[in-house]
Enquirer: 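Below you'll find the structure I mean.
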Amino acid sequence: MPELPEVETNVRRLRPDLTGQTITDVQLNWPRHVVLPTPAEFQTLLPGRTVTGLGRRGKYIIIELAPAGRTLLIHLGMSGQLSVVPADARPDKHAHTILALDNGRQLRFSDTRKFGKLYLPVDRQQVLGKLGPEPLSPEFTAGWLTKKLAQRRRVIKPLLLQQNFIAGIGNIYADESLHRAGVDPRRPANSLEPAEAAALHASIREVLAEAIEHQGTTFDWVYPDGEMQERLRVYGRGGRPCPTCGTPIERIVLGQRGAHFCPQCQQ
DNA sequence: AACAGCCCCTGGGTGC
DNA sequence: TGCACCCAGGGGCTGT
């Protein structure tokens, strides 16, 4: 499940392959991936535009284009993957959107579960405007988090997943951050003491930064579960011992979503 | 503001 | 080997 670190890794890998390339053709094999404008407009607006840079906001990939006036935004959903390959590379039955580039290569968007989304807005704020702060940016401070948590009665774990609260945290890193901070995922946000909020702030940044660091070396984007599991302390480890204290990890459902935590370490 | 419920999808897992 | 079934998950939407 691509969260902020995986999206960031994608951006870094794609940047050298895409920057400076001009899109010559758009193939839409699953038009419903396109949220806006209409698939037909998407198809006519892209050819002739050149990629001038790549960025990220939350879990969105931002592809800057020239001439300006439109920005390509991609959300990978749960199973989305992007790759740049030669046009004659082996066809991929899940490559639902294919952008032909003028260097004979293609940007392929594959998404087996089809939760991904493509946008080509005039104003990117139309899509990104409601997102909360970037957790790795300077504006995301312990003070900010402490203040915001005090204002919310919502349970902390589902709150961390709200993209309009903080951008980029998904189920995996929410669970991992709470474990590292020693905070029970069921606690109301406003029950956290300032010291706990500060610990959570630090944990979120550490967990995300470490994950980004590791994508570069071990994470081959197609999840090699072995590598992945080793790194995760609670996520997906229900029933297995907590790496810190040995107590079996519990798995419960919170806000319609699986939550994993150590009942001993997280209070 | 909060939250339950539903929907979109499909590979992978389980039970028969 | 195959079939029926259930589930996870990001996020948008509706209804309470």
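In the text below, chain A, chain B and the rest are named by the order of the sequence lines, each starting its count at 1.
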Enquirer: Over how many whole Å does the gap from K130(A) atom NZ to dG10(C) atom C1' extend?
Expert: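 Rounding to the nearest Å, NZ of K130(A) and C1' of dG10(C) are 15 Å apart.
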Enquirer: Rounded to the nearest Å, what distance is computed from the CG atom of residue L118(A) to the P atom of nucleotide dC8(B)?
Expert: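 Result: 20 Å.
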Enquirer: First locate atom CG of L145(A), then atom CG of L160(A), and finally report the distance between them rounded to the nearest 0.5 Å.
Expert: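 Atom-to-atom, L145(A):CG and L160(A):CG are 7.5 Å apart.
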Enquirer: Return yes if a side-chain donor-acceptor contact under 3.5 Å exists between E6(A) and Y173(A), otherwise no.
Expert: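 Side-chain D/A pair, E6(A) to Y173(A): present.
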Enquirer: Using a 4.0 Å heavy-atom cut-off across all strands, classify G116(A) as base, sugar-phosphate, or nothing.
Expert: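 Touches nothing.
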Enquirer: Quick one: label Q163(A) by what it contacts on the DNA or RNA (base, sugar-phosphate, nothing), any heavy atom closer than 4.0 Å.
Expert: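 Q163(A): backbone/sugar contact only, no base atoms under 4.0 Å.
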Enquirer: Send over the distance from L254(A) CG to dA2(B) P, rounded to a whole Å.
Expert: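 Rounding to the nearest Å, CG of L254(A) and P of dA2(B) are 15 Å apart.
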Enquirer: Between H33(A) (NE2) and dT10(B) (C1'), how many Å, whole number?
Expert: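 To the nearest whole Å, that distance equals 12 Å.
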Enquirer: Distance check: side-chain N/O of R113(A) vs OP1/OP2 of dA8(C), anything under 4.0 Å?
Expert: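 No, no such contact exists.
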Enquirer: Give a yes or no on whether a donor-acceptor pair under 3.5 Å exists between the nucleobase atoms of dA1(B), that is its base, and the side chain of R152(A).
Expert: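 Per atom types, no contact qualifies.
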Enquirer: Is a donor from one side chain sitting under 3.5 angstrom from an acceptor on the other, for H260(A) and D175(A)?
Expert: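 Yes, side-chain donor-acceptor contact under 3.5 Å.
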Enquirer: Can you check the N171(A) CG to dA8(C) P distance for me, whole Å?
Expert: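 Between P of dA8(C) and CG of N171(A): 10 Å.
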Enquirer: Which sits closer to the 5' end of DNA chain C, Y119(A) or G258(A), going by the nucleotide each is nearest to?
Expert: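 Checking each residue's closest nucleotide, the 5'-ward one belongs to G258(A).
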Enquirer: Would you please confirm or rule out a distance under 4.0 Å between OP1 or OP2 of dG10(C) and any side-chain N or O of H75(A)?
Expert: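 No, H75(A) has no side-chain N/O under 4.0 Å of OP1/OP2 on dG10(C).
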Enquirer: Quick one about Q27(A) and N29(A) (side-chain donor to acceptor, distance below 3.5 Å, no hydrogens or angles considered), yes or no?
Expert: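 There is such a pair between these side chains.
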Enquirer: So does Y235(A) get a side-chain nitrogen or oxygen closer than 4.0 Å to the phosphate oxygens (OP1/OP2) of dG9(C)?
Expert: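 Y235(A) to dG9(C) OP1/OP2: side-chain N or O found under 4.0 Å.
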Enquirer: Just to be sure I understand the rule, does H94(A) reach a base, reach only the sugar-phosphate, or reach nothing, if contact means heavy atoms closer than 4.0 Å?
Expert: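 The answer is sugar-phosphate, as H94(A) gets under 4.0 Å only of primed atoms, P, OP1 or OP2.
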Enquirer: Determine the contact category for Y60(A): base if any of its heavy atoms lies under 4.0 Å from a base atom, sugar-phosphate if only primed atoms, P, OP1 or OP2 are that close, otherwise nothing.
Expert: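 If one applies the 4.0 Å heavy-atom cut-off, Y60(A) turns out to touch the sugar-phosphate alone, with no base involved.
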Enquirer: Students often get this wrong, so: under 4.0 angstrom with heavy atoms, is K117(A) touching a base, only sugar-phosphate, or nothing?
Expert: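 No contact.
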Enquirer: Check the distance between dA8(C)'s P and R237(A)'s CZ and give it to me in whole angstrom.
Expert: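 From R237(A) CZ to dA8(C) P: 19 Å.
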Enquirer: Please give, in whole Å, the distance from dG9(C) C1' to I172(A) CD1?
Expert: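 For the pair I172(A) CD1 and dG9(C) C1', the rounded distance is 10 Å.
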Enquirer: Need one value for R257(A): base, sugar-phosphate or nothing, where a base atom within 4.0 Å counts as base even if backbone is also close, heavy atoms only.
Expert: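 Base contact.
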Enquirer: Rounding to an integer number of Å, can you tell me how far R251(A) CZ sits from dC7(C) C1'?
Expert: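 It works out to 9 Å between those atoms.
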Enquirer: Would you say the side chains of R154(A) and Q162(A) form a donor-acceptor pair under 3.5 Å?
Expert: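 On atom types as modelled, these side chains qualify, holding a pair under 3.5 Å.
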